[in-house]
Number of protein chains: 2
Amino acid sequence: MRLNRLTDYAVVMLAHIGRPGRESGPEAGGRRVVTAAEMAADSGVPLPTVAKLMKLLAQAGILASQRGALGGYRLARAPERITMAEIIAALEGPIALTACVDGREGDCEVESLCPMRGNWDKVNRAVRQALDAVTLADMSLEPQRFPPVAAAAAARPVAQAS
Amino acid sequence: MRLNRLTDYAVVMLAHIGRPGRESGPEAGGRRVVTAAEMAADSGVPLPTVAKLMKLLAQAGILASQRGALGGYRLARAPERITMAEIIAALEGPIALTACVDGREGDCEVESLCPMRGNWDKVNRAVRQALDAVTLADMSLEPQRFPPVAAAAAARPVAQAS
DNA sequence: CTTATACGGTACCAAATTAGTCCCCTATTG
DNA sequence: CAATAGGGGACTAATTTGGTACCGTATAAG
């Protein structure tokens, strides 16, 4: 159920690219251009790994790449129009919880006992919808510095304990 | 994004237990009792693996176990009241797409660039809801023997091709 | 037109998960 | 008390994943 580390990195980086950025210049096409090397430096993730990720995201049409000197990557669209489902699909393939899905047959060795070929689609559809509803913009929001629960605890210091 | 094979097996087996069953006897508590060995034979999954699975499902309160001769497993509740979310959580831990979740801190090494601690919760909540909405009963339904598309093709045999 | 920058692609290796196995213990029925 | 059936933990093999290396191609600046 957990998604792999690379996908996690990807979301963090995409959110980072999407955010305004400190030393913002003219910015081609209205969106920030960032190099893989920059991303690596900013994130601590090793450069070759970052490069691989960016590549995949570019192929999926989530990032637009510019080769050569002064090149780099920028979001292909506004963050509001990039969904989690898309990002995850780009890095982990189609969103489907099991192998016996989407018409692909013959992979399921226990077909004898498995009259549920179609039932998984219900689950997959549900999950896909859930992930379509969350955009990169949602993920880019800076949450309040302290979570609500901590704030509440601070407001009512030590009382009622014991 | 894919869930592991064991979880897949588990759903198949639970659905199997939930279904009426051919040689149904009196059935303790109104629900079918099945042994791990039976499940292994029916499914082709090796017995030790089945045993491990059933054990976990029993611990999670999804199956009720009966030890000793004539023992076995049965559903702890009606299939309508067992959700996918529950089954998945039982076998893969809490439903959360990333490690930096649910208050657990210190696992995320890239916290410097990662102002998204709370944002993942949106995604997790969405997925959890999606999986809560699908029950074991939904997964137990026998889909029509031929999928709609094949049926349509059969009704309109060879015409219009080429 | 040459050089430096930066992305593109492929193949490969090492480390971490995951699936599956083994062995022995405890409970229940007849 | 013998046979059946689940409970628990440790270990091993196989896959998957993350990360690396190397070389090619495009673009901008001088």
Side-chain angles (χ1 to χ4, degrees), chain A residues 1-10 12-13 17 25-26 28 32-41 43-76 88 90-93 98-99 107 109-110, chain B residues 1-10 12-13 17 25-26 28 32-41 43-76 88 90-93 98-99 107 109-110:
Chain A
M1 200 65 240
R2 211 126 309 172
L3 35 76
N4 60 32
R5 191 135 36 107
L6 290 185
T7 308
D8 189 350
Y9 291 166
V12 173
M13 289 179 187
I17 298 180
R32 215 146 77 89
V33 174
V34 186
T35 68
E38 271 183 80
M39 292 300 317
S43 66
V45 176
L47 173 57
T49 301
V50 173
K52 188 190 243 177
L53 265 174
M54 307 290 253
K55 213 182 304 176
L56 288 169
L57 292 169
Q59 285 172 341
I62 293 170
L63 289 176
S65 69
Q66 171 65 36
R67 293 170 77 154
L70 299 194
Y73 294 95
R74 72 203 137 77
L75 294 183
I88 292 173
L91 290 152
E92 318 203 351
T98 59
D107 280 11
E109 328 90 20
V110 292
Chain B
M1 200 64 240
R2 212 126 309 173
L3 34 77
N4 60 34
R5 194 139 29 113
L6 291 184
T7 308
D8 189 349
Y9 291 166
V12 173
M13 289 179 185
I17 298 179
R32 213 145 78 89
V33 174
V34 186
T35 68
E38 272 184 78
M39 291 299 318
S43 67
V45 175
L47 173 58
T49 302
V50 173
K52 187 190 242 176
L53 264 174
M54 307 290 253
K55 216 180 300 176
L56 288 169
L57 292 168
Q59 285 172 341
I62 293 170
L63 289 176
S65 68
Q66 171 66 35
R67 292 170 78 155
L70 300 192
Y73 295 95
R74 69 200 140 78
L75 295 183
I88 292 173
L91 290 153
E92 317 204 351
T98 59
D107 281 10
E109 329 90 19
V110 292

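Below, chains carry the letters A, B, ... as their sequence lines are ordered, and counting in each starts from 1. Because only heavy atoms are used, hydrogens play no part in the values below, and waters and symmetry mates are left out as well, while side chains stay in.
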Exercise. Do any side-chain nitrogens or oxygens of B/Ser65 fall under 4.0 Å of OP1 or OP2 in D/dG7?
Worked result: yes
For this session: Take atom CE of A/Met1 and atom P of C/dT17, then tell me their distance rounded to the nearest Å.
Result: 18 Å
For this session: Please work out if A/Pro46 contacts a base, only the sugar-phosphate, or nothing of the nucleic acid, heavy-atom cut-off 4.0 Å.
Result: sugar-phosphate
Problem set entry | Phosphate OP1/OP2 of D/dT16 contacted by A/Asn4 side-chain N/O (<4.0 Å) | no
Exercise. Quick one: is A/Tyr9 getting a side-chain N or O under 4.0 Å of the D/dT17 phosphate, OP1 or OP2?
Worked result: no
Exercise. Quick one: on DNA chain D, does A/Leu47 or B/Gly72 contact a more 5' nucleotide (nearest heavy atom)?
Worked result: B/Gly72
For this session: Can you tell me the distance, in whole Å, between the CE atom of A/Met39 and the P atom of C/dC7?
Result: 11 Å
Problem set entry | Nearest to side-chain heavy atoms of B/Thr35, which nucleotide of D/dG6, C/dT28, C/dG20 | D/dG6
Exercise. What is the distance from atom CE of B/Met1 to atom CE of A/Met1, rounded to the nearest 0.5 Å?
Worked result: 3.5 Å
Exercise. Between atom CG in A/Leu53 and atom P in C/dG9, what is the gap in whole Å?
Worked result: 15 Å
Problem set entry | B/Leu56 CG to D/dG7 C1', straight-line distance once rounded to whole Å | 11 Å
Problem set entry | Closest non-hydrogen atom pair between A/Val50 and A/Met39, with its separation | CG1-CB, 3.8 Å
Problem set entry | Side-chain N,O (A/Arg2) to OP1/OP2 (C/dT17) below 4.0 Å | no
For this session: Taking all heavy atoms of B/Ala90 and all of B/Ala60, pick out the closest pair and write down the distance.
Result: CB-CB, 3.5 Å
Problem set entry | Side-chain N,O (A/Gln59) to OP1/OP2 (C/dG9) below 4.0 Å | yes
Problem set entry | Point-to-point distance, once rounded to the nearest 0.5 Å, from CG of B/Leu91 to OG1 of B/Thr7 | 4.5 Å
Exercise. Which part of the nucleic acid, if any, lies within contact of A/Ala36, taking any heavy atom under 4.0 Å across all strands shown: a base, the sugar-phosphate backbone alone, or nothing?
Worked result: sugar-phosphate
For this session: Identify which nucleotide among D/dG19, C/dT21, D/dG6 has an atom closest to any side-chain atom of A/Arg5, counting heavy atoms from C-beta outward.
Result: D/dG19
For this session: Report yes if a donor N or O on one partner sits less than 3.5 Å from an acceptor N or O on the other, where the partners are the side chain of A/Lys55 and the base of C/dG9; otherwise report no.
Result: yes
Problem set entry | Options D/dA5, C/dA6, D/dG19, nucleotide nearest the side-chain atoms of A/Lys52 | D/dG19
Exercise. B/Leu70 CG to D/dG6 C1': how many Å, rounded?
Worked result: 13 Å
Exercise. Are A/Gln66 and A/Val33 close enough that some pair of their side-chain heavy atoms sits under 4.5 Å apart?
Worked result: no
Seminar exercise, completed: Rounded to whole Å, the CG-P distance (B/Leu3 to C/dT17) equals 18 Å
For this session: For B/Arg74 and D/dA5, give me the distance from atom CZ to atom P, rounded to whole Å.
Result: 16 Å
Problem set entry | B/Ile17 CD1 to D/dG6 P, straight-line distance once rounded to whole Å | 10 Å
Exercise. Checking only heavy atoms, does the side chain of B/Arg67 share a donor-acceptor pair with the base of C/dT28 at less than 3.5 Å?
Worked result: no
Seminar exercise, completed: Note: for A/Pro48 and A/Ala69 on DNA chain D, the residue whose nearest nucleotide lies more 5' is A/Pro48
For this session: State which of D/dG19, D/dT27, C/dA19 makes the closest approach to the side chain of A/Leu6.
Result: D/dG19
Problem set entry | Nearest non-hydrogen partners of A/Tyr73 and A/Ala58, listed with the distance | CE2-CB, 4.0 Å
